[in-house]
Amino acid sequence: MDVDVITIENSRSDENLLLVICEGVKYRAGIYDIHSPRIPPTEEIVDRINKMLVVLESNILWVNPDCGLMTRKYTKVKPALTNMVVVIKLICNQLASTKFD
């Protein structure tokens, strides 16, 4: 493929796709399954990101929901995306503080 960036959804695989990364493939991993009406709690999102950071360098990890935002109503998507943004800010602050320790 002649692409600069590729996204492979991860949330439905229970992080099984992280094994692919261990074999040297780099990809963006989804944090939650947008096709589900369930709103992932922040603790779950933190856990997923931390698992990804075990095998990915933080500068190549792009946190995003799995595809399908247009299949959900805004009232269902907003709380899940809000949780995702809260967690991203928390993790970014933690990563920044560890660089200076």
*Is the closest side-chain heavy-atom distance between L90 and T42 below 4.5 Å?*
no
*Looking at residues at least two apart in the chain, or sitting in another chain, which of them share a side chain to side chain contact (heavy atoms under 4.5 Å, CB included) with P41?*
R38, E43, E44
*Starting at CE of M84, measure out to CD1 of I39 and round the result to the nearest 0.5 Å.*
13.5 Å
*Is there side-chain contact between N83 and P40, with at least one heavy-atom pair below 4.5 Å?*
no
_Between C92 and I88, is there a side-chain heavy-atom distance shorter than 4.5 Å?_
yes
*Is it true that V85 and V77 fall in one hydrophobic cluster, defined by side-chain heavy atoms closer than 4.5 Å?*
no
_Connected via hydrophobic side-chain network under 4.5 Å: M52 and L95_ = yes
*Output, in order, the C-alpha distance, side-chain angles, deciding distance and verdict of side-chain contact (heavy atoms from CB on, under 4.5 Å) for I45 and V63.*
CA-CA 10 Å; I45 298 172; V63 177; 5.6 Å; no
